[in-house]
Amino acid sequence: QVQLVESGGGLVQAGGSLRLSCAASGSRFSVYAMGWFRQAPEKEREFVAAITWTTGSTRYTDSVKGRFTISRDNAKNTIYLQMNNLRPEDTAVYYCAARTRPIVRTGPEQYDYWGQGTQVTVSS
């Protein structure tokens, strides 16, 4: 089992920045990759970014490229999502997820463990 705890959400004005954190515990070494997803009201959960624990290889959805950066701190078993130049359409609950199987995937069903989510609200 892997436990994930997110933090760092909040309210910010458009153009501002936030940094989300996700701390992993439990069977962390079974995890191949970690990802961030988001879900806005009445919308499906969508992939935002992912990173592999060993190589640090990253992947982003097109709408956040150049604005968001995913990173990891192996010593702290923590990943981060630095979000810059935030837009109102970035408003959502952001979830951290862990995948135990190889190859980074973008579908929510491809991830095995989930955090509780943290709210990000961007005002215009």
Side-chain angles (χ1 to χ4, degrees):
Q1 292 290 324
V2 177
Q3 293 77 44
L4 304 173
V5 179
E6 303 104 330
S7 61
L11 172 64
V12 64
Q13 289 187 334
S17 298
L18 283 174
R19 188 177 81 155
L20 305 183
S21 301
C22 175
S25 61
S27 302
R28 210 287 287 157
F29 293 102
S30 67
V31 175
Y32 173 80
M34 299 281 290
W36 287 99
F37 289 77
R38 64 187 179 186
Q39 188 166 18
E42 301 182 356
K43 291 191 176 181
E44 294 187 352
R45 191 168 298 189
E46 66 170 350
F47 172 80
V48 175
I51 188 167
T52 60
W53 275 117
T54 53
T55 66
S57 177
T58 60
R59 186 170 178 178
Y60 297 91
T61 192
D62 287 345
S63 64
V64 307
K65 286 180 181 177
R67 300 189 299 124
F68 291 11
T69 302
I70 189 170
S71 62
R72 78 204 193 288
D73 184 331
N74 287 25
K76 296 182 178 179
N77 292 334
T78 299
I79 66 166
Y80 305 95
L81 185 68
Q82 178 66 44
M83 305 185 293
N84 298 328
N85 192 20
L86 282 160
R87 305 167 180 169
E89 54 264 38
D90 294 317
T91 295
V93 176
Y94 282 70
Y95 296 92
C96 174
R99 174 175 165 84
T100 58
R101 292 154 283 169
I103 304 178
V104 173
R105 302 293 190 188
T106 61
E109 70 282 358
Q110 301 288 341
Y111 287 73
D112 305 293
Y113 301 97
W114 292 85
Q116 80 286 356
T118 186
Q119 177 70 48
V120 171
T121 303
V122 184
S123 63
S124 57

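For this chain, numbers begin at 1 and follow the sequence in order.
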Any donor and acceptor pair, going by atom type alone, linking the side chain of Thr52 with main-chain N or O of Ser57 inside 3.5 Å? yes

List, by chain and then residue number, the residues other than Phe29 in its hydrophobic cluster (Ile/Leu/Val/Met/Phe/Trp/Tyr, side-chain heavy atoms under 4.5 Å); write none if there are no others. none

Partners meeting salt bridge (Lys or Arg N to Asp or Glu O under 4.0 Å) with Arg87 (sequence neighbours left out): none

Acceptor/donor pairs from residues 12-21 side chains to any protein atom, 3.5 angstrom cut, sequence neighbours excluded:
| residue | atom | partner | partner atom | Å |
| --- | --- | --- | --- | --- |
| Ser17 | OG | Asn84 | OD1 | 2.9 |

How would you list, by chain and number, every residue that makes a salt bridge (Lys or Arg N to Asp or Glu O under 4.0 Å) with Arg67, sequence neighbours excluded? Asp90

Working for side chain to side chain contact (heavy atoms under 4.5 Å, CB included), residues Arg99 and Arg105: CA-CA 9 Å; Arg99 174 175 165 84; Arg105 302 293 190 188; 3.4 Å; yes

Looking at residues at least two apart in the chain, or sitting in another chain, which of them share a salt bridge (Lys or Arg N to Asp or Glu O under 4.0 Å) with Glu46? Arg38

Per the ring pair (Phe, Tyr, Trp, His ring centres under 6.0 Å) rule, what does the pair list look like for residues 64-112, sequence neighbours excluded? Phe37-Tyr111

Going by salt bridge (Lys or Arg N to Asp or Glu O under 4.0 Å), name the residues that satisfy it together with Asp73, two or more places apart in sequence or in a different chain. none

In Å and rounded to the nearest 0.5 Å, what is the CZ to CD distance from Phe47 to Gln110? 11.5 Å

Could you note down all residue pairs passing disulfide bond (SG atoms under 2.5 Å apart) where residues 56-121 supplies at least one of them, sequence neighbours left out? Cys22-Cys96

The complete set of disulfide bond (SG atoms under 2.5 Å apart) pairs with one or both residues in residues 51-89, sequence neighbours excluded, reads none

Across all chains, not counting sequence neighbours, the side-chain hydrogen bond (donor to acceptor under 3.5 Å, both in side chains) partners of Thr121 are Gln119

Do Trp36 and Met83 have side chains that approach each other closer than 4.5 Å (heavy atoms only, starting at C-beta)? no

Considering only Ile, Leu, Val, Met, Phe, Trp and Tyr, and joining two whenever side-chain heavy atoms are under 4.5 Å apart, list the other residues clustered with Val5. none

With sequence neighbours excluded, residues passing side-chain hydrogen bond (donor to acceptor under 3.5 Å, both in side chains) with Ser7: none

How about Ile79 and Trp53: do any of their side-chain heavy atoms sit closer than 4.5 Å? yes

Separation between CG (Asn77) and CG (Leu4), nearest 0.5 Å, reads 10.5 Å

